[in-house]
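Following: one structure in structure tokens, then a few remarks.
Only heavy atoms go into these numbers, but all of them, side chains included; no hydrogens, no water, no symmetry mates.
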Amino acid sequence: MMSPWLTLGIAGAFEVVWAVGLKYTDGFSRLWPSVFTLVAMAISVYFLAIAIKTIPLGTGYAVWTGIGAAGTAILGIILFSESADAVRLLCIALIIAGIAGLKLTSSA
């Protein structure tokens with residue numbers, strides 16, 4: 001049986017995949033990027049549902065969205081040349097710190 005935190009990490013990783021995938025769908029007008037994105041969405045939500053069977057809902061959802069937000073912002077910098085100024089990087093670091101804090105204070 002997989003750890004609920006590992007399951008949540010997989011859910012978060014697939015959230016990043018589908019969020020970045022949205023960029024490539026061109027408003028869902030491109031077939032294969034759209035299919036790939038929708039599959040990643042389904043996988044992400046499936047793993048989230050499994051994780052929150054054990055992890056408290058508020059914690060699980062916050063960590064899932066935090067992984068998605070931080071991961072997507074980082075990939076936006078890498079893949080799409082989005083801003084990497086110090087304030088933006090600090091904000092991403094704060095999201096990551098929040099995720100770590102929720103994990104450390106969770107009873108699951």
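Under the side chain to side chain contact (heavy atoms under 4.5 Å, CB included) criterion, I52 pairs with L48, L57, not counting sequence neighbours. With sequence neighbours left out, S83 forms a side chain to side chain donor-acceptor pair (under 3.5 Å) with D85. In this view, S34 and T25, F28 satisfy the side chain to side chain contact (heavy atoms under 4.5 Å, CB included) rule, not counting sequence neighbours. Here Y61 pairs with W64 under the ring pair (Phe, Tyr, Trp, His ring centres under 6.0 Å) rule; sequence neighbours left out. When the side chain to side chain donor-acceptor pair (under 3.5 Å) test is applied to R88, the partners found at least two apart in sequence or on another chain are E82. Every residue was checked against the ring pair (Phe, Tyr, Trp, His ring centres under 6.0 Å) condition with F36, not counting sequence neighbours, and none meets it.
When all heavy atoms are compared, the tightest approach of W5 to V63 is CZ3-CG2, 4.1 Å.
No single ILVMFWY cluster, assembled from side-chain heavy atoms under 4.5 Å apart, contains both I10 and L38. Transitive grouping of hydrophobic side chains (ILVMFWY, heavy atoms separated by less than 4.5 Å) brings F47 and V39 into a common cluster. Neither L79 nor L22 shares a network with the other; the hydrophobic side chains, linked directly or stepwise wherever heavy atoms of I, L, V, M, F, W or Y lie under 4.5 Å apart, form separate groups for each. Under the 4.5 Å side-chain heavy-atom criterion for grouping Ile, Leu, Val, Met, Phe, Trp and Tyr, I43 is connected to W32 within one hydrophobic cluster.
Environment of OH in Y46: sparse, with no more than 12 heavy atoms of neighbouring residues, nucleotides or ligands closer than 6.0 Å.
Under a 3.5 Å cut-off, the side chain of T54 and the backbone N or O of A51 do not form any donor-acceptor pair. With hydrogens and angles ignored, the 3.5 Å screen pairs a side-chain donor or acceptor of T37 with a backbone N or O of P33.
Applying the under-4.5 Å side-chain rule to Ile, Leu, Val, Met, Phe, Trp and Tyr, the cluster around V87 consists of that residue alone.
For the ring-ring contact (aromatic ring centres under 6.0 Å, His included) condition, no pair includes a residue of residues 87-108, sequence neighbours left out. Within the structure, salt bridge (Lys or Arg N to Asp or Glu O under 4.0 Å) pairs that include any residue of residues 54-75 do not occur (at least two apart or interchain). Sorted by first and then second residue, the salt bridge (Lys or Arg N to Asp or Glu O under 4.0 Å) pairs with a member in residues 26-37 form an empty list; sequence neighbours excluded.
Taking OG of S106 as the start and NZ of K103 as the end, the distance is 7.0 Å to the nearest 0.5 Å. Between the CD1 atom of I55 and the OG atom of S3 there is a distance of 7.0 Å, given to the nearest 0.5 Å. Atoms CD1 and OG1, on I77 and T72 in that order, are 11.0 Å from each other to the nearest 0.5 Å. Annotation: the span from I50 atom CD1 to M2 atom CE amounts to 9.5 Å, rounded to 0.5 Å.
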Atom pairs and distances, side-chain donor-acceptor, residues 89-100, under 3.5 Å, sequence neighbours left out:
none

In a table with atom names and distances, give each donor-acceptor pair under 3.5 Å that connects a side chain of residues 11-21 to protein atoms at least two apart or in another chain.
none

